[in-house]
Amino acid sequence: MVNTQATPEQTRPAETGEGGGRPRLLLVDGHSMAFRAFYALPAEKFVNSAGQATNAIYGFTSMLVKLLREEQPTHIAVAWDRSEPTFRHEEYAEYKAGRSETPPEFPSQVGLLQELLGLIGVTSLSVPGYEADDIIATLTTRGLAEGMDVLIASGDRDTFQLVGEHCTVLYPGRSLSDLIRMTPEAVEAKYAVPPERYCDLAALVGEKSDNLPGVPGVGPKTAAKWLAKYGSLDALVAHAHEIGGKAGQNLRDHLDDVLRNQRLNRLATDVELGVDVTGMTLGHWNRDGVNLLFDNLEFASTLRDRLFAVLSEQAGDDSAEPVQDEGFSVELVDPAPGTLGDWLAAEIAAGARTGVALEWSGERGGDIIRLALAVPSGRAVCLDPTQLDPADEAALTAWLADPAYPKVLHGVKWALRALWARGWTLDGVESDTAIAAYLLEPGRRNFELATLCLRYLGRELTEHNAEGAQLTLDLEGTGDDQDTARRELALRALATVELALALDAELTRREGLDLLHNLELPLAEVLARMEDAGIAADLTYLRDLEAEFAAAVRQAVDEAHRLVGREFNLGSPKQLQQILFDELGLPKTKRIKTGYTTDADALAWLAAQTDNELPVILLRHRDQTKLRTTVEGLIKTIAEDGRIHTTFHQTVTATGRLSSAEPNLQNIPVRTDAGRRIRRAFVVGEGYEQLLTADYSQIELRIMAHLSEDEALIEAFHSGFDFHAQIASRVFRIPVDQVDGEARARIKAMNYGLAYGLSDYGLAQQLGISPKEARVLMEEYFSHFGKVRDYLEAVVVRARREGYTATILGRRRYLPDLNSDNRQRREMAERMALNAPIQGSAADIIKLAMLRVDRALRENGLASRMLLQVHDELVLEVAPGELDTVRELVVEHMSQAQQLRVPLAVSVGVGPNWHDAAH
DNA sequence: AAATCGACGTA
DNA sequence: CGTACGTCGATTTG
C-alpha cells in the first residue's frame, strides 16, 4: 500500500470504476524523487559492469511502477530542476547555498532516467529559471481547471501549499515505497494549519536545506499558533508589534527574513510550458528501446516485467502475459491429525530446503505458539505445537532434528532457544537470512524479513492473492485472527526460503558462503547456549553497591548545590553550561551544537584552570551516577534463575564484532577501582566451581603485524618481551630497560592509534604534544616499521579500487564513501577502511576460537560452559574438577584459532567472580 | 510516546 | 581532527 495516513479513495472518484469519473493527473518531482531513490538504495550495489551507477534509476522506476499500478493515473508528467540559477537566486543570492555537493554517481542517472521516461511515453519537463515545483504548481492549476484530480509525488514540502480537495501530495516517508498521503486533513493534522497557510508557516520556521533561516526559537508549533490567531502571515506581520515574549521579539528582529522566505516559498503557477496538460496521457511506449536500456543498465527481469505489465495495463493491452508483480503465493494446507509425517514425506524431498518460521509468546523467548514450514513451491503448513497429535509431534520433532532435511530460518538463534525450551532439537540449518544479509551488507540497519524481501527479491512481504484468500476464508466463516496469524507465519516461512536462495547467489558471488556456513551459523548455536546459560549475579551485593553509589551521588549533589547557592540538575548539560559559563564565568570549553561541552575532558581542564571546586564535584557526580545507573540496570535484568541473560547480536556491527544488549555486558566498568567492584557481582553459579576469563593480549596489534608482514613488529611479538617497550626502544633508539613509562605510553597510544587511522593532529591531542612533534614521532616510528605504513596505505588504495575491505576470513565491509567528494566523509571512510580489517579479523579469530572451545568442551563431555564474549575475552563457568582441563583447552583453542605470522598470546585468570578471575 | 543529543562505559 | 558498540537522562518533537 502506498498510503499510511489515509485511504486512496480520498482522491479517487467514489465508486465510478475504471474509465468513469475525473481524469487523474500524476505529477512527479524528478530530482526530488530520484534523490530519495539514490539514498534509499546502496550505490555500491547498483553499478553495471561499465561502472555506471543505477541505484536512483532503479529506485525511481520501482516507485513509478508502483504509482502507476496503485493510482491508475490517466495523465502523467515528470518535472525537473535545471542547473542554472532561478528567479529565487536572483532574489536571494544565498538560496540553497551551503548544500553539500551532489554525489558524483547521481547526475548521469538523471539523463538516463529522462531517456527512460521518453521511451515509456511519459512527458518530461524543465524550464530555465524555474524549479520543478513551479512547473508542478502550474500544471496543478491547469489540471484542476480541467476538472482533474491531481497527485503530486515530491519530497519537497513546498508542494504542500498546493494540497486541496482534488490535489494530494505523496510525500516520501521512511522509505521510498512508503509514500505518505498529504490530503488537506493530513496537512492540517501534521502542521495545524490548512494547506494554503503552509507556506506562511514555512516562512516563519525557515528551511534549512534551502538555506532560508526562519525566526529563531520558532518551530512549527509556535508558527501554527500565531497563524491560527491572526489568520495569515500578512495579518501576523501587521500585528507583530503586539506579540510578547522572546519569540515576539525574535519575529520583529527577523521580519525581513520571514518576508523574504514568503516570497521565495510561493510557487509560480504561470510558468510558460508550451504543452497542454490534457495531452499528457500515457501513450505509446517503445518496448525494444526499454529492453535495450535495461540490458545496458543490467537490470534484472523483475523490474522490467513489472514495468511492462503496468504499461500494458495502462494501454489496455491484454495480450501481455500476466506476471506476478508482488507478494508470495502461499498454499496453506492442513494435514489431517496423524498425517503430518506423510505430508512431510510427500512434500519435502530429502535435500530440498524448507523455510521454517516460529512465533512465540512474549517478547524474548517464551513458549512457541505457532510453527510454519514452507517449501519453495508455496505449499506450507502451520502448526500449534501444543495441539499436536502425538504421532504428528513425533514426526515433526524427528524431521526438525534430522540434518538430512535442510532448513532455512530468519533469526535462527531465537528459534533454537525456543525449540530447546520445548525439549526439541533443530539440525540441518543451511541459512539464516538475517545473517546472510548481514554478511552481504554489514552496515545495514534493518534486517527485518520484509525489508530484505523488498531489497533482494523486489517483492513485498504480502500474499500475492491476499484479497482472494481473505475473501474465501471470510465466506467460510473462519476468518478470524488465528487464521490471519497462521497465514502470516506461513508467508514468512515461504519468504524465508525464497529469500535464502537469492542471498545464497549473492553471497557466492561475494565469496561469503563459507563464512556463513562455517562461522556465523554454527556460532549462532553457541551464542544461543551462552544466552540460555546467562551469568549468575549476586543480588544482595549489587543492592549494597547501589546504595553506596547513590549515597555518593547525593553527597555530590549537596556539595554542588551548596557551592552554587541554589538547587539545579547536575545531570543537565544545559543547566551546567548556564552555571559554569554564564554565572561563574569560567573559561569556555570546546564548542558543540548546543553551546560548550561539559564532558569529562572539559571538566578536568576547567578544574585545572580555576580554583573553583565545582568541576571536581561534577566529575565525581558523573562518575558515581554512571556507576549507580549501571548497577541499577543490572539489578533490573536479573532473571528468576538469579542469572543475567544478555542478548548477543550477530548482525549489528559493521566490522563483524558481536554486540551485547539488554543488558550490555560488554561495557561493564574495569578501569577504575570503583568500577571494578561491579565485576565482583558477577559470580560463579550453583553447581560450578570457578569463573575463568581468557583474553587475547594485543590481538589487534598482532593482526596489524601479521597483515603488514613487518619483520620488526613480527620479531617483537615473537620475543615475548613487553611489546610497547620494545617498540619504544627502537623508536627512541634507547635500550629496552631504559624505556620509561612516559615513552612506553606514547608508543602504546601510537600503536593503537595506527589501527584506528590516527592523524598527527589526533596523536598530538592524545599525547598533549604539538602536531609537529607528533608528526616527527610518526616519521621516526615509520622509519623503523616501514611496512606498517606501506600496509596502511595499501589497504585504503585497495579498498577504494575494490569498494570494500576484507578480513582474514574474507568478511567484507563496503565503503562507498572512499570515493566521496566530501572530504570529511571520505576521510572518515578511510579511517574505517584502516580499522575494519584489523578489528574485523580480531572478531573473526575470537569467533573461530569460540567454535573450537565450545566443540572441545562438548566433545570431551565437560560440564563447564562459555558464558560471555567481550571482543577479545571469553568468560567461562568451570564445573567442579574441570579447572585444569578447561584452562588448558581454552588456551590451546584460542591461541590456535588461526595461524598468523605472530603467536596469539592468551592470558587466563580464575576466581569466584569476574573481578577476581581477572589477571 | 518517540526521537535525538550529550555523555560515558567497554574493546 | 583514531575505530567499534549500548545505555542513560535530559530535552525536543510529535
Side-chain angles (χ1 to χ4, degrees), chain A residues 189-192 217 219-222 224 442-443 569-577 590 592-603 618-619 621-634 636-637 646-649 652-672 674-676 678-679 695-701 704 749-767 771 774 778 792 805 813 823-824 827-840 842-843 846 868-873:
Chain A
K190 195 164 162 61
Y191 297 102
K221 286 278 145 64
T222 311
N569 184 349
L570 278 72
S572 160
K574 201 174 158 193
Q575 295 183 34
L576 244 40
Q577 284 176 35
K590 199 177 72 179
I592 53 172
K593 263 186 222 161
T594 53
Y596 300 94
T597 181
T598 63
D599 66 17
D601 275 351
L603 290 178
L618 293 177
L619 279 168
H621 174 261
R622 284 265 171 82
D623 220 32
Q624 300 295 319
T625 306
K626 181 81 182 174
L627 293 168
R628 190 198 62 199
T629 55
T630 302
V631 172
E632 275 171 359
L634 289 174
K636 270 185 257 172
T637 61
T646 184
T647 301
F648 287 107
H649 291 292
V652 168
T653 74
T655 52
R657 277 186 175 180
L658 298 176
S659 79
S660 157
E662 297 176 84
N664 180 355
L665 294 185
Q666 291 179 325
N667 73 341
I668 303 301
V670 74
R671 294 196 214 276
T672 65
R676 274 193 293 272
I678 298 179
R679 293 199 166 213
D695 63 48
Y696 284 116
S697 317
Q698 304 138 339
I699 187 170
E700 296 195 338
L701 296 181
M704 195 163 78
M750 176 135 71
N751 279 331
Y752 280 103
L754 288 175
Y756 295 148
L758 190 67
S759 65
D760 50 3
Y761 184 94
L763 184 66
Q765 191 93 351
Q766 171 114 11
L767 296 177
M778 287 175 96
L792 293 171
T805 61
R813 179 176 185 184
R823 202 183 82 173
Q824 197 172 323
E827 289 181 344
M828 183 67 167
E830 285 170 359
R831 291 193 295 273
M832 291 172 173
L834 288 172
N835 178 252
I838 298 173
Q839 188 184 125
I846 195 165
L868 302 179
Q869 186 252 47
V870 190
H871 308 309
D872 65 357
E873 171 188 11

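Below, read A as the first sequence line, B as the second, and so on, with proteins coming before strands; counting in each chain starts at 1.
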Would you mind reading off the distance between [X] atom [atom1] and [N] atom [atom2], rounded to a whole angstrom?
{"X": "A/Q869", "N": "B/dT10", "atom1": "CD", "atom2": "P", "value": "17 Å"}
{"X": "A/K574", "N": "C/dT12", "atom1": "NZ", "atom2": "C1'", "value": "9 Å"}
{"X": "A/H871", "N": "B/dT10", "atom1": "NE2", "atom2": "P", "value": "12 Å"}
{"X": "A/Q577", "N": "C/dT11", "atom1": "CD", "atom2": "P", "value": "11 Å"}
{"X": "A/Q824", "N": "C/dG2", "atom1": "CD", "atom2": "C1'", "value": "14 Å"}
{"X": "A/H621", "N": "B/dA7", "atom1": "NE2", "atom2": "P", "value": "14 Å"}
{"X": "A/L665", "N": "C/dC5", "atom1": "CG", "atom2": "C1'", "value": "14 Å"}
{"X": "A/N569", "N": "C/dG9", "atom1": "CG", "atom2": "P", "value": "11 Å"}

Which nucleotide sits closest to the side chain of [X]: [options]?
{"X": "A/S572", "options": "C/dA10, B/dA11, B/dC8", "value": "C/dA10"}
{"X": "A/T598", "options": "B/dG9, C/dA10, B/dA7", "value": "B/dA7"}
{"X": "A/T629", "options": "C/dC8, C/dT11, C/dA4", "value": "C/dC8"}
{"X": "A/I592", "options": "B/dT10, C/dG2, B/dA7", "value": "B/dA7"}
{"X": "A/P669", "options": "B/dG6, C/dG2, B/dG9", "value": "B/dG9"}
{"X": "A/V670", "options": "C/dC1, B/dG6, B/dT10", "value": "B/dT10"}
{"X": "A/N835", "options": "C/dT3, B/dA11, C/dT7", "value": "C/dT3"}
{"X": "A/R671", "options": "C/dG2, B/dA11, C/dT3", "value": "B/dA11"}
{"X": "A/A654", "options": "C/dC5, C/dC8, B/dG9", "value": "C/dC5"}
{"X": "A/R831", "options": "C/dC1, C/dC5, B/dT10", "value": "C/dC1"}

Do [X] and [Y] have side chains that approach each other closer than 4.5 Å (heavy atoms only, starting at C-beta)?
{"X": "A/P573", "Y": "A/T594", "answer": "no"}
{"X": "A/L570", "Y": "A/L618", "answer": "yes"}
{"X": "A/I846", "Y": "A/H871", "answer": "no"}

Counting the atoms with a prime plus P, OP1 and OP2 as sugar-phosphate, which does [X] contact under 4.0 Å by heavy atoms, base, sugar-phosphate, or nothing?
{"X": "A/L754", "value": "nothing"}
{"X": "A/T597", "value": "sugar-phosphate"}
{"X": "A/A836", "value": "nothing"}
{"X": "A/M828", "value": "sugar-phosphate"}
{"X": "A/G762", "value": "sugar-phosphate"}
{"X": "A/R657", "value": "base"}
{"X": "A/S660", "value": "sugar-phosphate"}
{"X": "A/Q839", "value": "base"}
{"X": "A/D623", "value": "sugar-phosphate"}

Q.
Assuming nearest nucleotide by heavy-atom distance, tell me which of A/R813 and A/E662 is located more 5' along DNA chain C.
A.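 On the 5' side of the pair lies A/R813.
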
**Q.** 5'-most by nearest nucleotide on DNA chain C - A/E632 or A/P442
**A.**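 Whichever sits nearer the 5' end wins; that is A/P442.
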
Any side-chain donor-acceptor pair under 3.5 Å between [X] and [Y]?
{"X": "A/R622", "Y": "A/T598", "result": "yes"}
{"X": "A/T653", "Y": "A/S659", "result": "no"}
{"X": "A/T647", "Y": "A/E662", "result": "no"}

State whether [X] places a side-chain N or O below 4.0 Å from either non-bridging phosphate oxygen (OP1 or OP2) of [N].
{"X": "A/K626", "N": "C/dT7", "value": "no"}
{"X": "A/S659", "N": "C/dG6", "value": "yes"}
{"X": "A/S759", "N": "C/dG2", "value": "yes"}

Taking atom types as they are modelled, would you say the side chain of [X] forms a donor-acceptor pair with the base of [N] within the 3.5 Å cutoff?
{"X": "A/Q666", "N": "C/dG6", "result": "no"}
{"X": "A/N664", "N": "C/dG6", "result": "no"}
{"X": "A/R622", "N": "B/dA7", "result": "no"}

(Q) Tell me whether A/R657 is salt-bridged to A/E700, with the criterion being a basic N under 4.0 Å from an acidic carboxylate O. (A) yes

Q) Going by an N to O cut-off under 4.0 Å, is there a salt bridge joining A/R823 and A/E827? A) yes

Q.
Please give the distance between the C1' atoms of C/dG2 and B/dT4 as a whole number of Å.
A. 25 Å

